[in-house]
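Remarks on the structure that follows.
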Amino acid sequence: MKKEFIIAIMGIFVTISAVYAVIATAPIGVDIAKEKVQEFVNDPSANIQYQNTKCLNIGDYYTFSTGNGQVYVNMYTGVVERASFNDARKSSGEIRPDSAGVEMVAREYAEEKYSGFADMNMQLIKSDLRNHGDAGSENSFIWRENIEGVLTPNTVVVNIHPVSGWIVSYIGIQREINCVLEPELSEEDALKIAEKQFPGIEVTEKTAELTIEYTKPGLQSLTWVITMKGKPKDYVLQGGLVVIDALTGEALMTSPYL
């Protein structure tokens, strides 16, 4: 299955500031970050406690517990870029919105929490019901900004409890784009490189997307993200995901199907 490379973010993190460049000279203080969490959760009774700092490819964060969840605050911009709400996972509420209703809830939340969402070319690239077994399930919606056919790191993920319609988690990443948008490597050549990563594969399906990814901390790269599916061997699915530098042709990551 396709993995959202950027969101090694987050896990999914498919990983993770309102029109701010991440080049600020000094981080904000923990106290200011805590105020940003309070504004985001909008709950005066929330027990907000600082936990630690995390440094990811997509940015550096202060993390806080909120009593019923966790929040990541960008250390330089003060923007909440990730939040989870444990109570929502336990919900057995009575609201049962249809699929269109669930998407509307997700979109409204994205517009409320993500600065400029309604004015950007945000493309819904994935929406599905994720079943985590005993951990429950959630409706997941992922938007990503599209500029001239290139998917940027500007991403919003909203996960919603399928019964109550409550928000389970949120990711909102916004970065200034500072890499080229024109590839040196053609899609055809990228597909050939991807196929070589799986020797002996009999290709049955393949897709290619131009995306900007954080391939190293703070470094944006224009990439081809290739999904390659092959004819099963001994009932084992062949192929996987390949991320290729769209300027040099280097295979940056290969993730076979398990």
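In this text, all values refer to a predicted model and were calculated from it rather than measured experimentally.
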- Do Arg175 and Glu213 sit within salt-bridge range, that is, some charged N less than 4.0 Å from a carboxylate O? no

- What distance do Lys231 atom NZ and Gln238 atom CD have between them, rounded to the nearest 0.5 Å? 11.5 Å

- Item | ring pair (Phe, Tyr, Trp, His ring centres under 6.0 Å) pairs, two or more places apart, involving residues 168-211 | Phe40-Tyr170, Tyr109-Tyr170

- Where do Met122 and Asn154 come nearest, in terms of heavy atoms and distance? CE-O, 3.6 Å

- Message: Out of the candidates Leu151, Val150, Thr223, only one should pair with Leu210 under the side chain to side chain contact (heavy atoms under 4.5 Å, CB included) rule; please name it.
- Response: Val150

- Task: Determine whether Val71 and Val168 fall in the same hydrophobic cluster, where Ile, Leu, Val, Met, Phe, Trp and Tyr are linked whenever their side-chain heavy atoms lie under 4.5 Å apart.
- Result: no

- Message: Determine whether a donor-acceptor pair (N or O, by modelled atom type, separation under 3.5 Å) exists between the side chain of Gln220 and the backbone of Thr215.
- Response: no

- Message: Quick check on the hydrophobic clustering: are Leu129 and Val105 connected, directly or via other members, by side-chain heavy-atom contacts under 4.5 Å?
- Response: no

- Compute the ring centroids of Phe117 and Trp143, then answer whether they are less than 6.0 Å apart. yes

- Task: Would you check if the side chain of Trp166 reaches a backbone N or O of Phe85 as a donor-acceptor pair within less than 3.5 Å?
- Result: no

- Task: Kindly say whether Val236 contributes a backbone atom to a donor-acceptor pair with the side chain of Asp234 at under 3.5 angstrom?
- Result: no

- Query: Are side-chain heavy atoms of Tyr72 and Lys54 found at a separation under 4.5 Å?
  - Reply: yes

- Task: Could you state whether Tyr214 and Leu219 fall into the same hydrophobic cluster, counting links through intermediate Ile, Leu, Val, Met, Phe, Trp or Tyr residues with side-chain heavy atoms under 4.5 angstrom apart?
- Result: no

- When rounded to the nearest 0.5 Å, the distance separating CZ of Phe64 from CD of Gln51 is 9.0 Å

- Task: Check Tyr76 against Pro27 and note the closest heavy-atom contact, atom names and distance.
- Result: CE2-N, 3.6 Å

- Shared hydrophobic cluster for Val158 and Leu124 (ILVMFWY, side-chain gaps under 4.5 Å): yes

- Item | Donor-acceptor contact below 3.5 Å, side chain Arg144 vs main chain Val156 | no

- Message: Check whether Thr77 reaches the backbone of Val79 with its side chain - one donor and one acceptor, N or O, closer than 3.5 Å.
- Response: yes

- Would the number of heavy atoms belonging to other residues, nucleotides or ligands and lying under 6.0 Å from NZ of Lys113 be above 12? yes

- In terms of side-chain heavy atoms, does Ser221 have a donor or acceptor partner in Asp245 at a distance below 3.5 Å? no

- Item | Any donor-acceptor N or O pair under 3.5 Å, side chains Tyr61, Glu81 | yes

- Do side-chain atoms of Gln174 reach the backbone of Ser115 as a donor and acceptor pair under 3.5 angstrom? yes

- Message: If you compare all heavy atoms of Gly230 against all heavy atoms of Leu237, which two are closest, and at what distance to 0.1 Å?
- Response: O-CD1, 3.9 Å

- When you measure from the side chain of Thr66 to the backbone N and O of Ile48, does any donor-acceptor pair fall under 3.5 Å? no

- Working to the nearest 0.5 Å, report the span between CG of Leu222 and CD of Glu184. 9.5 Å

- Message: For residues 187-200, which residue pairs pass the side-chain hydrogen bond (donor to acceptor under 3.5 Å, both in side chains) check, not counting sequence neighbours?
- Response: Ser186-Asp189

- Note on the structure: Hits for side-chain hydrogen bond (donor to acceptor under 3.5 Å, both in side chains) against Asp31, two or more places apart or cross-chain, chain-then-number order -> none

- Task: State, to 0.1 Å, how close Leu185 and Gly249 come at their nearest heavy-atom pair, and which atoms those are.
- Result: CD2-CA, 3.9 Å

- Task: Supply the atom-to-atom distance Ile142 CD1 to Thr155 OG1, rounded to the nearest 0.5 angstrom.
- Result: 8.5 Å

- Message: Using every non-hydrogen atom in the two residues, find where Lys36 and Gly78 come nearest and quote the distance to one decimal.
- Response: CG-O, 3.2 Å

- Closest approach of Glu138 and Pro162, non-hydrogen atoms and distance? CA-CD, 3.9 Å

